[in-house]
Asks: 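Let me give you the structure first, and then I'll get to my questions.
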Amino acid sequence: MADAITPRSEDYARWYVDVIRNAKLADYSPVRGSMIIRPNGYALWENMQRTLDGMFKDTGHENAYFPLFIPQSFLEREAEHVEGFAKECAVVTHSRLEVDEETGHLRPAPDSRLEENLVVRPTSETIIWDAYSKWIQSWRDLPIKINQWANVVRWEMRTRLFLRTMEFLWQEGHTAHATEAEAWEETRLILDLYADFVEEYMALPVIRGIKTPSERFAGAVETLCIEALMQDGKALQAGTSHFLGQNFSKAFGCQFQNRDNELEYAWSTSWGVSTRLVGALVMGHSDDRGLVLPPKLAPTQVVIVPIYRNDADREQVLESAGRMQADLRKRGVRIKLDDREGFRPGWKFTQHEVEGIPLRIAIGPRDVAAGTVELTRRDTSEKETVSATGLSDTIEQKLDEIQKGLFDKAAQFRESMTTRVDSYDEFKEALTDKGGFVHAHWDGTDETEARIKDETKATIRCIPIDPAEEDAESGVDMVTGAPSARRVVFARAY
RNA sequence: CGGGGUGUAGCGCAGCCCGGUUAGCGCAUCUGCUUUGGGAGCAGAGGGUCGCAGGUUCGAAUCCUGCCACCCCGACCA
């Protein structure tokens with residue numbers, strides 16, 4: 001069932017796809033660049049969703065749902081927004097199909113041409129701000145803090161499972177505020193929320209930073225982001241939080257009367273994370289044997305594999321296993337008893353490892369007799385025999401250890417993959433030799449940034465918000481020698 | 001859009017150069033028996049418009065022409 005997984009060292013891209021397919025997270029669909037998210041992958045997404053959704057609600061946000069179709073003209077309203085998204089939109093032009101008598105195939109019926117084309121949303125700022133402009137009249141109508149869970153479509157040239165698909169699932173938050181300061185506060189609040197989520201639940205350390213103008217969201221005044229490092233030394237943007245200023249409120253005529261009785265355009269933010277996070281999770285922790293999942297997000301945290309030779313053993317073992325399962329379930333542990341017939345224990349072990357279940361309990365006649373079970377950690381392969389009494393406590397403790405262990409390992413890896421350089425030669429050397437994050441001085445111009453990207457394929461991932469002391473000091477640009485206030489973070493990225 | 005590659009059973013492939021019985025192999029699937037502490041063994045079975053459309057030929061998976069699709073690598077993007 002599980003085919004061989006290409007080792008990371010041999011071909012990282014293939015390894016990534018092999019892990020996803022063997023762990024049954026996703027499959028290709030008949031349409032290029034779009035994927036089927038299978039139950040294992042969707043369960044992972046649901047766990048992320050559930051956690052994030054709770055965090056949004058705890059910070060005063062409400063969920064709503066805006067339509068999939070956007071009038072084409074809406075996209076024209078905000079100049080930079082058009083430029084950023086126009087070239088990757090799916091457009092609906094007809095409302096009906098009919099059989100072409102000549103070819104016998106279906107075609108859009110010519111007389112069903114829409115009066116105005118509809119765009120399948122690549123993001124929802126426009127349709128949401130059109131609505132907000134109707135809802136907001138007074139400072140008393142503010143703030144509006146809405147989130148939606150939705151799918152969006154961007155007609156990408158090159159796609160990769162989870163990391164970049166033409167249709168993807170995400171959440172997009174859209175808020176409207178009475179003051180600039182409040183909107184900024186919101187932008188920053190969400191950035192920290194995202195960072196906390198990725199670090200605490202996904203067990204991946206992130207850098208919080210500001211995007212350079214060239215990497216900014218189309219239509220934003222400022223884009224904040226979190227950047228994570230993958231095992232092949234490439235960076236991945238894991239979430240963005242945009243301060244939109246008054247760009248969209250102006251584009252959609254959304255004014256309100258403020259406390260000083262003046263007309264003012266609303267201040268806004270938007271922010272999102274997507275199913276790309278599932279890809280980040282895979283790339284961040286998994287190994288050559290398959291998926292490795294942090295317990296806090298794993299759909300199944302613990303699996304029990306019963307072992308027996310005959311019916312008498314079977315009955316005894318299953319009874320014991322059933323009791324453990326019930327105890328752990330009561331504690332809120334997501335646990336599965338794999339009592340499927342027709343699969344041998346060894347086969348189950350391997351399968352559960354491929355699927356990334358953090359902890360395995362094996363229990364056989366020997367254990368029942370001795371009052372023990374065998375525990376095996378997915379992340380370290382560490383195996384130990386522990387007492388069946390107090391098992392629930394042991395398990396909970398182990399799950400915590402795994403969660404922490406994964407974060408520490410990823411943090412250590414990032415540390416070892418972070419280089420601080422002062423010259424362009426050192427910079428190129430660091431990129432070629434080991435990749436990862438390279439901290440260097442930059443003169444702040446688009447030209448230098450573009451030149452470096454052109455010559456090295458490395459982009460400025462962000463200007464860190466909380467720089468290390470060594471990065472906060474001033475210096476000179478490694479390429480042009482012009483003054484630089486501080487180091488910024490470069491990397492080759494997904 | 002540029003470069004590379006691949007389309008033959010659910011998956012992975014061989015066969016094609018040099019046309020010729022009923023298109024083959026591994027894995028997976030199904031049945032039976034034996035097994036079960038790290039991917040089981042034996043026996044049997046089912047499953048194919050050879051990507052599509054033309055053409056050449058007595059005969060095409062194989063040769064010719066055209067088309068389509070997908071994957072990988074780059075530029076663009078979450």
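Every chain is numbered from 1, with letters handed out A, B, ... down the list of sequences.
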Asks: Taking atom P in both B/U22 and B/G26, what distance in whole Å separates the two?
Replies: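 One P to the other, the span is 22 Å.
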Asks: Starting at atom CD of A/Glu88, determine the distance to atom C1' of B/C1, rounded to an integer number of angstrom.
Replies: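 Value for this atom pair: 15 Å.
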Asks: Can you find a heavy atom in the side chain of A/Phe427 that is under 4.5 Å from one in the side chain of A/Thr432?
Replies: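 They are not in side-chain contact.
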Asks: Taking the same atom, C1', in B/G39 and in B/U49, what whole-Å distance lies between them?
Replies: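 The same atom, C1', in both gives a distance of 36 Å.
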Asks: So is A/Lys428 actually on top of A/Tyr424's ring, under 6.0 Å and inside 45° of the axis?
Replies: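 Yes, A/Lys428 lies over the aromatic ring of A/Tyr424.
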Asks: Could you spell out the base pairing of RNA chain B as a dot-bracket line? Use Watson-Crick and G-U wobble contacts where both distances are under 3.5 Å, [ ] for crossing pairs, | for partners on a different strand.
Replies: ((((((((.[[[[.)....(...]]]].((((((.....)))))).....[[[[[..)....]]]]])))))))....
Asks: Looking at A/Arg160, I'd like to know whether one of its side-chain N or O atoms comes within less than 4.0 Å of OP1 or OP2 on B/C73.
Replies: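 Result: yes.
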Asks: Test the A/Arg340-A/Phe343 pair against the cation-pi criterion, namely NZ or CZ under 6.0 angstrom from the six-membered ring centroid and within 45° of the ring axis.
Replies: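 Flagged: A/Arg340 positioned over aromatic ring of A/Phe343.
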Asks: Counting the atoms with a prime plus P, OP1 and OP2 as sugar-phosphate, which does A/Lys348 contact under 4.0 Å by heavy atoms, base, sugar-phosphate, or nothing?
Replies: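 Nothing: the residue A/Lys348, judged by heavy atoms under 4.0 Å, touches no strand.
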Asks: Suppose you measure atom C1' in B/G12 against the same atom in B/U57; what distance do you get, rounded to whole Å?
Replies: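 It comes out at 34 Å once rounded to the nearest Å.
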Asks: Give the ring-plane orientation class for A/His61 versus A/Trp271, where under 30° counts as parallel, over 60° as perpendicular and anything between as tilted.
Replies: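 Answer is perpendicular, since the angle exceeds 60°.
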Asks: Taking atom P in both B/A9 and B/C76, compute the distance separating them and give it to the nearest angstrom.
Replies: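 Each nucleotide's P atom is 38 Å from the other's.
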Asks: Base, sugar-phosphate, or nothing: which does A/Ser274 touch, judged by heavy atoms less than 4.0 Å apart?
Replies: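 It contacts base atoms.
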Asks: Taking any heavy-atom pair under 4.0 Å as a contact, classify A/Leu236: base, sugar-phosphate, or nothing.
Replies: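 Nothing: the residue A/Leu236, judged by heavy atoms under 4.0 Å, touches no strand.
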Asks: On RNA chain B, nearest-nucleotide positions of A/Tyr494 versus A/Ser34: which is more 5'?
Replies: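 Per heavy-atom nearest nucleotide, the more 5' residue is A/Ser34.
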Asks: Tell me: CZ of A/Phe349 to P of B/G37, nearest whole Å?
Replies: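 Computing the A/Phe349:CZ to B/G37:P distance gives 8 Å.
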Asks: Report the distance from atom CD of A/Glu156 to atom P of B/C72, rounded to the nearest whole Å.
Replies: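 Rounded to the whole Å, the gap is 14 Å.
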Asks: Determine the contact category for A/Lys453: base if any of its heavy atoms lies under 4.0 Å from a base atom, sugar-phosphate if only primed atoms, P, OP1 or OP2 are that close, otherwise nothing.
Replies: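 Result for A/Lys453 = sugar-phosphate.
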Asks: With heavy atoms under 4.0 Å as the rule, sort A/Gln237 into base, sugar-phosphate or nothing.
Replies: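 Touches sugar-phosphate only.
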Asks: Do A/Lys383 and B/G38 share a donor-acceptor pair, side chain to base, under 3.5 Å?
Replies: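 Pair found.
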Asks: Taking A/Asp327 first and then A/Arg323, would you say they form a salt bridge - that is, a charged N and a carboxylate O separated by under 4.0 Å?
Replies: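 A salt bridge is absent here (no side-chain N lies under 4.0 Å from a carboxylate O).
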Asks: With nearest nucleotides of RNA chain B determined for A/Glu374 and A/Leu161 from heavy-atom distances, which residue corresponds to the more 5′ nucleotide?
Replies: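 Going by which nucleotide is closer to the 5' end, it is A/Glu374.
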Asks: Provide the distance between the two C1' atoms, one in B/C67 and one in B/G48, to the nearest whole Å.
Replies: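 Nearest-Å result for B/C67 against B/G48 at atom C1': 23 Å.
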Asks: Side chains of A/Ser268 and A/Thr175, heavy atoms from C-beta outward: is any pair under 4.5 Å?
Replies: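 When only atoms from C-beta onward are counted, A/Thr175 and A/Ser268 do not touch, as no gap falls below 4.5 Å.
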Asks: From CZ of A/Arg360 over to C1' of B/G38, roughly how many Å is that when rounded to an integer?
Replies: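 Computing the A/Arg360:CZ to B/G38:C1' distance gives 8 Å.
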Asks: Can you tell me the distance, in whole Å, between the CG atom of A/Asn22 and the P atom of B/G39?
Replies: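 Answer to the nearest Å: 18 Å.
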Asks: In whole angstrom, give the distance that lies between atom CZ of A/Arg21 and atom P of B/C27.
Replies: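 It works out to 20 Å between those atoms.
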Asks: So, OP1 or OP2 of B/G37: does either fall under 4.0 Å of a side-chain N or O from A/Arg366?
Replies: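 A/Arg366 to B/G37 OP1/OP2: no side-chain N or O under 4.0 Å.
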Asks: Any chance you could measure A/Leu297, atom CG, to A/Met48, atom CE, to the nearest 0.5 Å?
Replies: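 Going from CG on A/Leu297 over to CE on A/Met48, the span is 5.5 Å.
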Asks: With a 4.0 Å cut-off on heavy atoms, is A/Gln171 in touch with a base, just the backbone sugar-phosphate, or nothing at all?
Replies: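 Nothing: the residue A/Gln171, judged by heavy atoms under 4.0 Å, touches no strand.
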Asks: Say you pick atom C1' in B/A23 and the same atom in B/A60; how far apart are they, in whole Å?
Replies: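 B/A23 and B/A60 have their C1' atoms separated by 13 Å.
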Asks: Considering only nitrogen or oxygen atoms on both sides, find all protein atoms under 3.5 Å from nucleotides 40-43 of chain B and state each distance.
Replies:
residue : atom : partner  : partner atom : Å
B/A40   : OP2  : A/Arg344 : NE           : 3.4
B/A40   : O4'  : A/Arg344 : NH1          : 2.7
B/A40   : N9   : A/Arg344 : NH1          : 2.8

Asks: Just to be sure I understand the rule, does A/Thr385 reach a base, reach only the sugar-phosphate, or reach nothing, if contact means heavy atoms closer than 4.0 Å?
Replies: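 Touches nothing.
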Asks: Please give, in whole Å, the distance from B/G37 C1' to A/Asp367 CG?
Replies: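 That distance rounds to 8 Å.
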Asks: What interatomic distance, in whole Å, is found between P of B/G7 and the corresponding atom of B/A43?
Replies: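 32 Å, rounded to whole Å.
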Asks: Does the B/G38 base have a donor-acceptor partner in the side chain of A/Gln351 within less than 3.5 Å?
Replies: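 Checked by distance alone, the answer is no.
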Asks: OG/A/Ser241 to CG/A/Leu191 distance, rounded to the nearest 0.5 angstrom?
Replies: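 Rounded to the nearest 0.5 Å, the OG-CG separation comes to 6.0 Å.
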Asks: Contact class for A/Phe168 vs. all strands (heavy atom < 4.0 Å): base, sugar-phosphate, or nothing?
Replies: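 Counting heavy atoms under 4.0 Å across all strands, the contact made by A/Phe168 includes a base.
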Asks: Between the side chains of A/His174 and A/Glu172, does any donor sit under 3.5 Å from an acceptor?
Replies: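 Side chains of A/His174 and A/Glu172: pair found under 3.5 Å.
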Asks: Give A/Ala13 one of three labels, base, sugar-phosphate or nothing, depending on what nucleic acid heavy atoms sit under 4.0 Å from its own.
Replies: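 Sugar-phosphate, backbone atoms only, no base.
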Asks: Return the nearest nucleotide to the side chain of A/Thr376; candidates are B/U36, B/G38, B/C72.
Replies: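 Shortest atom-to-atom distance from the side chain points to B/G38.
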Asks: Are any of A/Lys87's side-chain N or O atoms less than 4.0 Å away from OP1 or OP2 of B/A75?
Replies: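 Negative; the distance criterion is not met.
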Asks: Which class fits the ring pair A/His439 and A/Phe437: parallel under 30°, tilted 30 to 60°, perpendicular over 60°?
Replies: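 It falls in the perpendicular class, over 60°.
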Asks: Please state how far atom CZ in A/Arg14 lies from atom C1' in B/U6, giving the value in whole angstrom units.
Replies: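 Rounded to the whole Å, the gap is 13 Å.
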Asks: Do the ring planes of A/Tyr194 and A/Phe56 sit parallel (below 30°), tilted (30 to 60°) or perpendicular (above 60°)?
Replies: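 The arrangement is perpendicular - the two ring planes meet at more than 60°.
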Asks: Between B/C42 and B/C27, how many Å separate the two P atoms, rounded to a whole number?
Replies: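 Here B/C42 and B/C27 have their P atoms 10 Å from each other.
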Asks: From B/C72, B/G39, B/G37, pick the nucleotide closest to the side chain of A/Ala362?
Replies: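 Among B/C72, B/G39, B/G37, the one nearest the side chain of A/Ala362 is B/G37.
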Asks: May I ask you to say whether A/Glu384 pairs ionically with A/Arg377, meaning some side-chain N is under 4.0 Å from a carboxylate O?
Replies: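 Here A/Glu384 does not pair with A/Arg377 in a salt bridge, since their nearest N and O are not under 4.0 Å apart.
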